[in-house]
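Everything quoted here is computed from the prediction, not taken from an experiment.
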Amino acid sequence: MGDEIRNAIEGGTYHGPVLQGREIQYHHHHHAAARTRVPRQLASEPDVFVDRHPVFAELERAAAGRAARSTPLIVALTGLGGMGKTATALRWLHRLRRHFPGGQLQADMSPHGHLRPLDPHSVLQGFVQELGTRADERPAGQAALEAHYRSLTAHAPLLVLLDDVVNVGQVRPLLPAHPGSVVVVTSRMPLTALKGRYPSMLALTLGSLDREASAELFRAVAGEDAVPGAAALESVLAACGGYPLAVRIAAARAGELHGLGEDPAELARELGDHRTRLEALEVDDLSVPQVLGAVHLSLADGPAALYRALGAHPTPEFSRDLVTWLAGNDTDTRTLVRERVLEPAGEGRVRMHRLVHDHARSVADGRAPVDRILEWYLRRAAAVERLVSDRWRYGPVFTGPGEEAGGAGFTDAEALDAFEPDRANAVAAARLAHDLGRYAMAWQLAEALRGFFFRRKYHPDWIEVCELGLKAAAACGDDLAVARMHYELAFAHADRGDAADAGTAGHHYREALRLASAAGHARTESSALEGLGLLALREGAPEDAAEHFRRAARALDGLDHPRGRALLTFHLGRAHAAGHRHQEAAELLLRARRMFAELPGRPDRFNEAKSLWHHARARLRADRPDEALPSLDEAVTLIAACGAPKEQADILLDRGDLLATQGNRPKAETDWRQALTLYEQALSASAESARGRLL
């Protein structure tokens with residue numbers, strides 16, 4: 001990258017060329033005058049500068065304590081290229097310069113890119129010359145030259161700007177001797193070793209601008225007449241993501257469009273599409289792709305390959321575990337964090353700036369990274385699914401040994417909580433798998449995500465993933481997969497239970513039954529009949545429901561499927577309760593509870609709790625509240641660790657109602673309040689019912 005281009009973009013919020021110190025020429029004077037020369041190497045102060053108020057507050061506090069220091073104040077400004085490090089440094093140093101009679105020195109420490117950092121010895125030679133030492137008078141050796149530099153800088157405080165430092169070895173030889181001096185170092189990397197050597201160093205990281213600062217910068221550069229309408233401006237600023245260089249370029253382009261008599265709002269369309277966004281952020285010698293391309297090219301092979309692999313991810317934010325999985329090690333991950341390509345995004349999470357991710361996508365390598373990413377989400381979802389349910393599932397991901405869903409000893413709720421940050425990414429992965437023709441991955445993701453979505457009630461996401469899975473299974477030509485996807489889609493609609501959902505669920509259950517019967521797959525046939533029975537139960541037809549459940553049980557004849565039999569016993573008990581066969585209902589529901597508790601491998605606490613809850617409801621219908629309360633108490637205890645806020649709230653609401661009828665209003669209100677909180681967490685319409693009880 002040429003020096004002129006690089007100097008124009010590094011400041012981010014700085015508009016106009018930056019002259020580096022090595023480009024400034026002085027006329028040589030006679031020997032005596034040279035020894036007293038005060039350098040004035042600082043480049044021009046940015047004419048447009050916004051925000052960075054917290055950074056300047058830190059800088060001012062550090063400068064205020066300068067008089068008490070025994071060594072120069074070192075300030076490290078770090079951040080991604082184009083974030084405005086140089087502009088911030090120049091803005092602050094120009095404020096200080098009148099207080100520094102020793103003058104100012106400035107050097108670009110990597111003018112040819114990060115892979116070719118400048119030797120500090122050559123910079124030192126230029127510095128001592130600017131301080132008045134002729135070339136023929138310079139000491140020859142490195143140590144002697146450093147000592148001479150310290151002598152020249154010992155008499156008056158001066159400012160030093162070392163721009164775009166790559167390693168800490170570039171800094172130490174260039175530190176002036178006067179303790180009142182200030183040295184500002186800019187770098188993409190955190191320079192941790194420099195902090196270790198100089199503990200009093202002030203280290204500040206520059207991140208993205210907020211919305212208000214971005215708008216201020218845009219208006220200042222574009223000119224008020226060139227600012228598009230409110231909606232278009234919001235779209236442009238959102239696309240820039242607070243990246244100062246991008247905001248400046250977008251603003252310059254808006255001004256150009258306005259000057260040509262065109263609508264600046266056209267920018268919003270270009271920037272709104274990731275396929276054209278990077279191209280839209282180039283104007284003359286300012287270029288986001290060029291800056292980010294230089295970042296990519298400066299990376300070693302391993303981190304560069306990881307950078308490209310992350311470009312294949314459907315979103316710019318992800319688990320650090322995924323990054324390590326893609327890299328095969330954590331070293332490359334740490335490198336990208338050090339280089340500010342990745343930034344922390346909460347516990348165990350990292351993110352790329354949106355434009356960095358766009359660039360990484362533009363240089364991504366083939367299909368291999370996509371397959372690895374999809375495999376990670378599929379395996380992770382399958383691990384959670386195995387933990388929360390022992391139900392039978394179809395797909396290669398479920399045929400081998402399972403992985404732990406977050407670690408041994410985790411409860412259902414803990415495993416579901418651990419997966420929560422990846423919910424949106426898992427949905428995006430399902431879309432990506434379908435759109436790129438990884439059809440087997442797409443329908444297996446729908447199967448694997450069922451337990452998470454069922455417990456957490458994210459119905460729109462759940463239904464979308466199942467619809468994608470159904471299309472993908474059909475594209476695979478796997479009839480059993482198609483049957484399973486019809487079943488999963490029916491289950492999701494039935495669980496949501498909106499007005500139109502019953503009809504949609506019934507259609508998909510019947511399709512699942514037809515295809516499973518044709519394929520001779522008894523488990524899926526039984527599951528579809530079970531679903532039709534649940535719909536009949538909801539529609540107030542308990543006898544029809546019971547017949548569906550009995551047919552579902554017969555379909556399992558000859559199969560070792562204890563969980564399926566336990567579920568059908570539970571459902572049949574509910575059907576009998578709805579048909580006022582109270583004693584039979586109570587016996588079946590308690591039997592189902594025992595069957596869930598005695599399942600091979602581990603008990604199913606979730607369905608144990610539901611069996612007890614419905615047993616309590618059946619006892620209340622039979623006017624036996626004394627037998628209902630113990631079942632509700634035990635159900636509340638069991639459901640608490642299952643990570644199912646909707647069902648937990650349902651049980652608490654019923655227990656509160658029973659306590660209220662028994663005259664225990666304080667305990668009833670405690671249950672109702674907890675139920676309200678859980679309903680709100682699950683975004684359930686039942687929250688209004690709980691809220692009404694508390695009025």
key: Pair Asp332-Tyr307, side-chain donor/acceptor within less than 3.5 Å   = no
query = What orientation do His434 and Tyr439 show, parallel under 30°, tilted 30 to 60°, or perpendicular over 60°?
reply = perpendicular
ask   = Is it true that atom CZ of Arg275 has more than 12 heavy atoms of other residues, nucleotides or ligands lying nearer than 6.0 Å?
value = no
inquiry  = Whether the Thr78 and Arg188 side chains hold a donor-acceptor pair (N or O, under 3.5 Å, no angle test) is what I'd like checked.
reply    = no
task = Identify, with sequence neighbours excluded, every residue that meets ring-ring contact (aromatic ring centres under 6.0 Å, His included) alongside Phe452.
result = Phe419, Tyr458
ask   = Does Gly79 offer a backbone N or O that forms a donor-acceptor pair with the side chain of Lys85 under 3.5 Å?
value = yes
request  = Give a yes or no on this: more than 12 heavy atoms of other residues, nucleotides or ligands lie within 6.0 Å of atom NZ of Lys471.
outcome  = no
query = Do Leu278 and Ser362 come within less than 4.5 Å of each other through their side chains, counting heavy atoms only?
reply = yes
key: Residue list, side chain to side chain contact (heavy atoms under 4.5 Å, CB included) with Asp284, at least two apart or on another chain   = none
inquiry  = I'd like to know if Arg334 pairs up with Asp330 as an ion pair, taking the criterion as any Lys NZ or Arg NE/NH1/NH2 lying under 4.0 Å from an Asp or Glu carboxylate oxygen.
reply    = yes
task = Mind telling me whether His359 and His296 have parallel, tilted or perpendicular rings, with 30° and 60° as the class edges?
result = perpendicular
ask   = Would you call Glu270 and Arg253 a salt bridge, taking side-chain N to carboxylate O under 4.0 Å as the test?
value = yes
ask   = Hey, are Arg367 and Asp371 close enough for a salt bridge, meaning a charged N less than 4.0 Å from a carboxylate O?
value = yes
Short N-O contact, Arg456 and Asp417, less than 4.0 angstrom = yes
message = Within the 3.5 Å criterion, strictly below it, is a donor on Trp92 or Glu60 matched to an acceptor on the partner's side chain?
response = yes
key: All side chain to side chain contact (heavy atoms under 4.5 Å, CB included) counterparts of Arg197, not counting sequence neighbours   = Arg172
